[in-house]
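Take a look at the structure set out below.
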There are 2 protein chains.
Amino acid sequence: MLRTHTCGDLNISHLGQTVVLCGWVQKSRDLGGTTFIDVRDRYGLTQLVFNTDTDAALREVSRGLGREFVIKVTGQVIERTNKNLKMATGEIELLVTAIEVLNAAKIPPFMIEDDTDGGEELRAKYRYLDLRRAPIRNNMVLRHKMAQEVRKYLDALNFIEVETPVLIKSTPEGARDFVVPSRMNPGEFYALPQSPQTFKQLLMVSGFDRYFQIVKCFRDEDLRADRQPEFTQIDCEMSFITQEDILNTFEGLARTLFKNVKGIDLIDFPRMQYADAMRLYGSDKPDVRFGMEFVELNELVKGKGFGVFDNAELVVGINASGAAEYTRKQLDELTEWLKRPQIGATGLIYLRHNADGSLKSSVDKFYNEDELKKWSAAFNTQPGDLVLILAGLTDKVRKQLNELRLEMGTRLGLRDKNTFAPLWVLDFPLLEWDEETERYHAMHHPFTSPKPEDIALLETDPGAVRANAYDMVINGIEVGGGSIRIHDRDLQSLMFKHLGFSPEEAQKQFGFLMDAFEFGAPPHGGIAFGFDRLCSIFAGLDSIRDVIAFPKNNSGRDVMIDSPSTIDDKQLNELKIRTTV
Amino acid sequence: MLRTHTCGDLNISHLGQTVVLCGWVQKSRDLGGTTFIDVRDRYGLTQLVFNTDTDAALREVSRGLGREFVIKVTGQVIERTNKNLKMATGEIELLVTAIEVLNAAKIPPFMIEDDTDGGEELRAKYRYLDLRRAPIRNNMVLRHKMAQEVRKYLDALNFIEVETPVLIKSTPEGARDFVVPSRMNPGEFYALPQSPQTFKQLLMVSGFDRYFQIVKCFRDEDLRADRQPEFTQIDCEMSFITQEDILNTFEGLARTLFKNVKGIDLIDFPRMQYADAMRLYGSDKPDVRFGMEFVELNELVKGKGFGVFDNAELVVGINASGAAEYTRKQLDELTEWLKRPQIGATGLIYLRHNADGSLKSSVDKFYNEDELKKWSAAFNTQPGDLVLILAGLTDKVRKQLNELRLEMGTRLGLRDKNTFAPLWVLDFPLLEWDEETERYHAMHHPFTSPKPEDIALLETDPGAVRANAYDMVINGIEVGGGSIRIHDRDLQSLMFKHLGFSPEEAQKQFGFLMDAFEFGAPPHGGIAFGFDRLCSIFAGLDSIRDVIAFPKNNSGRDVMIDSPSTIDDKQLNELKIRTTV
């Protein structure tokens, strides 16, 4: 190797040793007759000293070094006068005796520092420089460590990792499929997988029993919501199990990751029905780092002449405990915030439990003190609390109040990034009605099994059928989801029928899977985790972008390599396609 | 879990226990009042016993079970009368007390046995059934184990696994690129990577120091030569190293894999110059499980009136030791074999060292006994040996003799699949002349560095420039290849110039990398292993197909899912492309 140690290795135990380091010039400064240079690599920083007393020529070289020059230095480890105990190498420095410039560097377009002066676009264009910054670099190391831990945990449980194909087949719901023209089969296309779903089920039919894969998946869709056209899943499937076994196995995975990567013991791992999650949090992925559960008020508030409540399908509120100090102005601002098109709530009613014990509402005209006391009791308010109430159509108002609850949780400091509250949400609906296409869609996917006791409802009340489906939620973010699958051809056909497939369409698209079910398919189920999202939660980031080495922007572009790009006619001709732009 | 044990778990220590197993009916037979059924899962086989004495009804159920039915059985572990000590579970059987059919099965289209009666096409169509067979299943388990071992080894050496993008940019040599139209950027295309080469080099510029990735790569090309359109690489890169460090690190990886996966200590790991490999074996990937090195005869044989030799650029032979018994007919057959168009050798000369010590050649007319003795000495023949000699143009005749050497190695039983002979081949040429395009191509890729002492030759004799490039070869198969890279913008530009790029083309295609070299690129190099190939060698297979769960056929088709396939006009319209078939 060109070096004997890394820039993070040296400490007081190396005093007097002659060592060789390689790395990048982080910064340099001159103090009297001495030049100090910090040299950086992936492992740390080490201070170099060039002293005119020892070698004036060497010091001259050192003064010619710019930021980000790549150097190789030989020197003796000596004790520092001014120790920096916050750094691993802070007690020593290297008295340089020889230096070689391995590569010069132009001045980088932004500072390679934890807090950089580079804007997002500039950093994207020079992603390879942004990756030099410790916060981004650490994310990559974290991601590596998490992948290793996932594999170790699953391997120990007899899961085997099987690579499924990337060049697969487009499906009729393939609106979001990326497709790949085949040169050998002109006029035909592969598709890139949105998930390896059917393949992992086939592996269960093959008897593999416990499968996993950390695998790239692809979705060609609107990227606004912090999505990427290519993303990574931890994809898992098991046979001969019940839902309980899956929950325990992957709760174990989450616990292991938190323990081994972050040193955190997850104490509780509560489970919640989908219906309860919607009723208590207005969301199928509640953030349970804090309470502030919904309280439904229909029975308390209706019939007192307040039209907004009387005409509402649902009146529901939360107790923003400790927010009674909110001024009129702050409440107005909150009301405006709720009116934004993304949320669309038209009116906010409040009940303030003042510090002196008195109650004050924005609808005092309609409700007397006794009635307000009942409200207060329903929310179990204490002096200093602020109850916020919305009214309207059930689904809509729940969504709105969910947004308000999260906002208030943030404002009240209840959503600490270093606190982790996991949750299983269970028993999702099997189907959801799609207004646009006017038919039912699979909420999870068409291979999810209905609860046996609900199968009869498929004919009478499809929307009420519950699925053997579950999501893992951490801090209000869905990190994984899965289901017990259908393993019976007839039931699978019935599902496709209810999803609006003709038998011919179903056979054409998924015949291989339904055929497979006839040759001895075991009961099976599984789960897939969004690995990028999981990493971003562990890294304390709001976006997945900085846990991905080379992400794409909101237009699906990699601005560093300038992709996608046009290709030449020769290539198009060979592929037997042309563009119609 | 539905089961208490797997079908491979139970042995004499479980006698008397009541257990539950799940699995597939492998076979059943009736003997008098007893039915025996073998139930199979991924872990093994267990014999079930149904006895009319104990439960006639149960036995009736058992007789209705067809092959590949999925069952769940409860029973008591009892000792077998006829033990089968070759099976892990062969000392016990399960006296069944309850049975549940989890799924029925149609009769499979071929036998689920180690030696199946299914033809290749049928097995491809029902790949999920073929994967149930132990030989194929074991390949998947082997592959999983190898991937785990690779990760463990590299992780321990501070390599981190970084995922590079799958949606990248097409290059001008992109003839073999798969492309992906972008919906968000109409008229533009991503390409799928043939390797993550440029990204891993950027990660070195980023300071990641030691990178690896087990990663899918894609090549749209002729699939005859046991290739797949998608294949998996172990991709690695290191900074601040010399070639020696890379060789040692990855020799260590190979040793670890052989040790931990196959229990084999690789004793030798010889290194050979490319030039020597060509001279001694006529191949850049010699199979060194056996000797039979080439001996060049020009000086011995020329000028004696034998035109074939006199007019040849090279006369070269091998000693097929022990093949002196070859009959005239066998030699004629060998001559015919050499004439096939794949080889194209026109004449085979032999020298037989008979058991009685006499020498006999096919060109006795031109060479007397004294001369033949000199030949014999050159090949160090012993009684019983057969020397086979070809003559012609150097490159051509070396290739032909390489084929003959391998064939004779096979015929003489010198190429045992359970013997492993690794080798490094070093100092490949940097460039090779392409007859078709009439220009030099990079033998490895354009980022490979020339040997510093050869750079001057780039202008005068490009074909003579040696590269810092190396291949790992096992049993005559190239399993990995890599190089020390260029990390200097000027040298990289020079390379592109010699490869026929204009400065504008080079900048357009690889500007991001050359720009990166200006911001402090460390010296670096790496290697990539063909993971499919490596697995097939470990599995003792000639083809990579059966170490891939869902491979494609020679036309790039997945016949199980029927892909690629046409896509509908709506999708084409959205993508702004049309087909011109």
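Heavy-atom basis, side chains included; hydrogens, waters and symmetry copies ignored. In what follows, chains carry the letters A, B, and so on, assigned in the order in which the sequence lines appear, proteins first and then strands, with residues in each chain numbered from 1.
- Distance check: A:Q148 CD to B:D155 CG gives 4.0 Å after rounding to the nearest 0.5 Å.
- With a threshold of 4.5 angstrom between heavy atoms, B:F531 approaches chain A through side-chain atoms but not through N, CA, C or O.
- Contact of B:N248 with chain A is not made at all, since no heavy-atom distance falls under 4.5 Å.
- Rounding to the nearest 0.5 Å places CD of A:E161 at 14.0 Å from CE of B:M146.
- Contact annotation: the side chain of B:S563 never approaches that of A:S182 to less than 4.5 Å [non-hydrogen atoms, C-beta and beyond].
- For A:F231, no part lies near chain B; criterion is any non-hydrogen pair under 4.5 Å.
- Comparing A:I71, A:N185, A:I107 by how many heavy-atom pairs each has under 4.5 Å with chain B, the most go to A:N185.
- In this structure, chain A has a heavy atom under 4.5 Å from the backbone of B:E221, while its side chain stays farther away.
- For chain A, the option among B:T164, B:I548, B:V166, B:N573 with the highest count of heavy-atom pairs below 4.5 Å is B:V166.
- Of the possible donor and acceptor atoms, none in the side chain of B:W24 sits under 3.5 Å from a partner among the backbone N and O of A:G207.
- Across A:R557, A:E68, A:E244, A:R137, the residue that shares the most heavy-atom pairs under 4.5 angstrom with chain B is A:R557.
- Contact annotation: the side chain of B:T6 never approaches that of A:F240 to less than 4.5 Å [non-hydrogen atoms, C-beta and beyond].
- Residue A:D130: no heavy atom, backbone or side chain, is found under 4.5 Å from chain B.
- In this structure the side chain of A:R42 reaches within 4.5 angstrom of the side chain of B:I160, judged on heavy atoms.
- Note: B:L129 leads B:I112, B:L129, B:D41 in heavy-atom pairs under 4.5 Å with chain A.
- Most heavy-atom pairs under 4.5 Å with chain B: of the set A:V162, A:D488, A:L203, this distinction falls to A:L203.
- Put simply, of B:L131, B:I241, B:T566, B:I214, the one with the most heavy-atom pairs under 4.5 Å next to chain A is B:L131.
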So B:Q201 and A:Y128, side-chain contact (heavy atoms from CB on, under 4.5 Å) or not? Walk me through it.
CA-CA 10 Å; B:Q201 291 193 244; A:Y128 49 86; over 6 Å; no
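- Only the side chain of B:D558 comes within contact range of chain A, with at least one heavy atom under 4.5 Å from a heavy atom of that chain.
- A:Y43 and B:D209 are linked by a side-chain donor-acceptor pair at a separation below 3.5 angstrom, with hydrogens and angles left out of the test.
- Between atom CG of residue A:L192 and atom CG of residue B:L192 there is a gap of 6.0 Å, rounded to the nearest 0.5 Å.
- The candidate with the highest count of non-hydrogen atom pairs below 4.5 Å against chain B, out of A:A521, A:A549, A:P108, is A:A521.
- For B:A147, no part lies near chain A; criterion is any non-hydrogen pair under 4.5 Å.
- Of the listed residues B:F199, B:F159, B:F69, B:Y126, the one with more heavy-atom pairs under 4.5 angstrom with chain A than any other is B:F199.
- Each of B:V70, B:L575, B:L167, B:I168 has some count of heavy-atom pairs under 4.5 Å with chain A, and the biggest count is that of B:L167.
- Heavy-atom distances place the side chain of B:P523, and not its backbone, under 4.5 Å from chain A.
- For the pair B:Y190/A:P564, a side-chain contact is recorded, criterion being any heavy-atom separation below 4.5 Å from C-beta on.
- Interface remark: B:N554 contributes backbone atoms only to the contact with chain A (heavy atom separation under 4.5 Å).
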Run A:R132 and B:V205 through side-chain contact (heavy atoms from CB on, under 4.5 Å) and show every step you take.
CA-CA 8 Å; A:R132 282 187 193 164; B:V205 176; 3.4 Å; yes
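- B:K216 touches chain A through its side chain: at least one heavy atom from C-beta onward sits under 4.5 Å away, while N, CA, C and O do not.
- A:L202 is not listed as a side-chain neighbour of B:R127, based on a closest heavy-atom distance of 4.5 Å or more.
- Contact of B:Y211 with chain A is not made at all, since no heavy-atom distance falls under 4.5 Å.
- With a 4.5 angstrom heavy-atom cutoff, B:D562 touches chain A via backbone and side-chain atoms both.
- For the pair B:R183 (side chain) and A:F178 (backbone), a donor-acceptor distance under 3.5 Å is absent.
- For A:F517, the part lying under 4.5 angstrom from a heavy atom of chain B is the backbone only.
- Between A:E230 and B:P165 there is a side-chain heavy-atom pair separated by less than 4.5 Å.
- Contacts between B:K552 and chain A at a heavy-atom distance below 4.5 Å involve the side chain alone, from C-beta outward.
- The shortest heavy-atom contact between A:T580 and B:I577 is OG1-N, 3.8 Å.
- Most heavy-atom pairs under 4.5 Å with chain A: of the set B:E163, B:R143, B:H487, B:M204, this distinction falls to B:E163.
- Options A:R151, A:M140, A:M184, A:R3 differ in how many heavy-atom pairs under 4.5 Å they form with chain B, and the most are formed by A:R151.
- Proximity to chain A (any heavy atom under 4.5 Å) is shown, for B:I136, by neither the backbone nor the side chain.
- In this structure, chain A has a heavy atom under 4.5 Å from the side chain of B:E574, while its backbone stays farther away.
- Two residues are said to be in side-chain contact when any heavy atoms from C-beta on lie closer than 4.5 Å; B:F189 and A:Q571 fail this criterion.
- The CG atom of A:L513 lies 9.0 Å from the CE atom of B:M560; values are rounded to the nearest 0.5 Å.
- For the options A:R210, A:K508, A:K570, heavy-atom pairs under 4.5 Å to chain B are most numerous at A:R210.
- Here the side chains of B:M1 and A:D245 are in contact, with some heavy-atom distance below 4.5 Å.
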